[in-house]
Colleague: 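Quick one: the structure is below, and I'll ask about it shortly.
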Protein chains: 2
Amino acid sequence: MQGPPIPFTPELRNRRTTSDHIADALRAAINSGQLADGAELNQVEIAGHFGVSRVPVREAMRQLQAEGLIDASAHRRAVVRGIGIDTLTEAYELRALLEGRLAAAAVPNLDRARLDRLAALNRELRESRDHTRYLELNSEFHNTLYEVADRPLAFEFVESLRQRSERYVQMWSRGRGLNRGRQVAREHAAIVRLAKQGDAAGAQRAVEEHIQHTLDAVLALHEDQLPSNGADGDDA
Amino acid sequence: MQGPPIPFTPELRNRRTTSDHIADALRAAINSGQLADGAELNQVEIAGHFGVSRVPVREAMRQLQAEGLIDASAHRRAVVRGIGIDTLTEAYELRALLEGRLAAAAVPNLDRARLDRLAALNRELRESRDHTRYLELNSEFHNTLYEVADRPLAFEFVESLRQRSERYVQMWSRGRGLNRGRQVAREHAAIVRLAKQGDAAGAQRAVEEHIQHTLDAVLALHEDQLPSNGADGDDA
DNA sequence: TCCGGCAATACTGTATACAGTTGTCGCGTT
DNA sequence: AACGCGACAACTGTATACAGTATTGCCGGA
């Protein structure tokens, strides 16, 4: 309460459990496409694959279910929940809405250090040729901006939306190379410029358009590959 | 594929598992205030209370964690995650935003039967004196409207936001009686009227204001009872 | 050949048992 | 008396064992 805050790193407390690792691994497998849409998740198989018992696998799967990545009903195998073009479109609409507001809320709270960091991230992103690294940098750029918006719920929802659409972006980024990388960097730079000027409304609009463009790019690749709606009740 | 759709109820498939029941029970306990903000959830105690083993309890807790109702870190007791006034306010801001759009999207898809149903629900709500039933009817009214918006993600997020703020509304509804009940019914009626006229923009605005008013009412009760921020990192 | 039913199988759901970690209490030292 | 430290207790995390359910495949009859 009064002394020096804390002597040694308290973050050591956040040790991760097996269930968390499994959840991460499954998420990564889904996002990378190793587990395609509609793929069935066999608990014993997964447990065997990771060399653990089914208990942490089940806990991980329940988390993924709550996150909306898989569908599961009682006594039946869970399946990877794919989303169709219309749901993907909705996801980006919501992202534009929410991220725009996050950007607007963040602008007044941006200090010089953070602005520099944003510029640095964008510089590295522009040069990056590895698509995994590229996606990381892109995420970090946006998160760095949104962090200071002080809107935990909106931030959380945006992460959830990104999570659910990431695999389609990965397909895009892998298949199409980084043609759009330059364009993305330009749009990021414009956002940073507006933010530096304190133009919250302008930054909001720029973010909204940026996300709209991303959707266009993803749709351009997918529109003849995805069904008009991915996984709605109808089976087989 | 071609015969009569399905002979006997396929919803029998949705049999619920113990974990689901525990999750529901815990949610209800949190919403009713039996488990207050910051309360610690002891797995063995909960398991004993329900007469089950810890396994389904753990799964339920992981789901609640993913839903944002509790905080849990490894090897430590999970605690009920309370939200402060500012997060509560954000929740209602987001609800206004999302539910407004849902209403606007729903208007073109409303048929007469559904409009009648909305009116009937609102009629019953106006007369209802039991606050549990009142909240049920309120939820059902909004869901009935939003269902036809065909925006699964937005719908899901709204449910999540309602879930997280419900306990504060319960406190309000319990403590303050139904003084506002009439006003709510009036606002609902206005929404139905605008929807019937096909005025999507008007319905959107009416829903936004309706939610704003609800926030005002909840805040009026809570503003001297809740900390300015509920559960952010700082402990003890 | 096609269909219905029945048995075996594979898988999920839950309980119990074990391992590892955290918090606490009491003792000894300073 | 305050502090550090070590053993104990309580609790969480994981594995294994058991119970129940869905699915598959086979067989007999039409």
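Numbered from 1 within each chain, the chains take letters A, B, ... in sequence-line order.
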Colleague: Figure out the CE/C1' separation between B:Met61 and D:dG13, and round it to whole Å.
Modeller: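 Checked: the CE to C1' distance equals 12 Å.
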Colleague: Atom CZ of B:Arg16 to atom C1' of C:dT12: distance rounded to whole Å?
Modeller: 17 Å
Colleague: Under 4.0 Å between a side-chain N/O of A:Ser53 and OP1 or OP2 of D:dT14, yes or no?
Modeller: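 The answer is no; no side-chain N or O of A:Ser53 sits under 4.0 Å from OP1 or OP2.
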Colleague: Please work out whether the ring planes of A:Phe141 and A:His188 are parallel, tilted or perpendicular, with thresholds of 30° and 60°.
Modeller: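 The arrangement is parallel - the two ring planes meet at less than 30°.
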Colleague: For the pair A:Arg162 and A:Glu156, find out whether any cationic side-chain nitrogen is under 4.0 Å from an anionic carboxylate oxygen.
Modeller: no
Colleague: Report the distance from atom CZ of B:Arg54 to atom P of C:dA17, rounded to the nearest whole Å.
Modeller: 13 Å
Colleague: Determine the contact category for B:Leu41: base if any of its heavy atoms lies under 4.0 Å from a base atom, sugar-phosphate if only primed atoms, P, OP1 or OP2 are that close, otherwise nothing.
Modeller: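 Sugar-phosphate contact only.
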Colleague: NA contact type, A:Arg77, heavy-atom cut-off 4.0 Å: base, sugar-phosphate, or nothing?
Modeller: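 Sugar-phosphate contact only.
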Colleague: Check the phosphate of D:dT14 against A:Thr17, side-chain N and O only, distance under 4.0 Å to OP1 or OP2. Yes or no?
Modeller: yes
Colleague: Which whole-number value in Å describes the distance from B:Gln65 CD to D:dT12 C1'?
Modeller: 13 Å
Colleague: Looking at D:dG13, I'd like to know if its phosphate oxygens (OP1 or OP2) sit under 4.0 Å from a side-chain N or O belonging to B:Gln43.
Modeller: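 Yes, such a contact exists.
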Colleague: How many whole angstroms separate atom CD of A:Glu45 from atom C1' of C:dT12?
Modeller: 14 Å
Colleague: On the nucleotide D:dT14, are OP1 or OP2 found under 4.0 Å from the side-chain N or O atoms that A:Ser19 carries?
Modeller: yes
Colleague: Tell me: CD1 of B:Ile46 to C1' of D:dC11, nearest whole Å?
Modeller: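 Nearest whole value for this atom pair: 12 Å.
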Colleague: From CG of B:Asn42 over to P of C:dT22, roughly how many Å is that when rounded to an integer?
Modeller: 17 Å
Colleague: Go nucleotide by nucleotide along DNA chain D from the 5' end; which of A:His75 and A:Val55 gets its closest nucleotide reached first?
Modeller: A:Val55
Colleague: Answer whether the closest heavy-atom distance between the side chains of A:Met61 and A:Leu69 falls below 4.5 Å.
Modeller: no
Colleague: Can we say B:Arg77 and B:Glu45 salt-bridge, meaning some charged N sits less than 4.0 Å from an Asp/Glu carboxylate O?
Modeller: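 Not counted as a salt bridge, because no side-chain N and carboxylate O are separated by less than 4.0 Å.
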Colleague: Taking B:Arg62 first and then A:Glu67, would you say they form a salt bridge - that is, a charged N and a carboxylate O separated by under 4.0 Å?
Modeller: no
Colleague: Rounding to a whole Å, what distance do you find between B:Phe50:CZ and C:dA15:P?
Modeller: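 Taking CZ of B:Phe50 and P of C:dA15, I get 13 Å after rounding.
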Colleague: Quick one: the side chain of B:Arg58 and the base of D:dG13, do they pair up donor-acceptor inside 3.5 Å?
Modeller: no
Colleague: Ignoring backbone atoms, establish whether B:Arg76 has a side-chain N or O less than 4.0 Å from OP1 or OP2 of C:dG23.
Modeller: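 B:Arg76 to C:dG23 OP1/OP2: side-chain N or O found under 4.0 Å.
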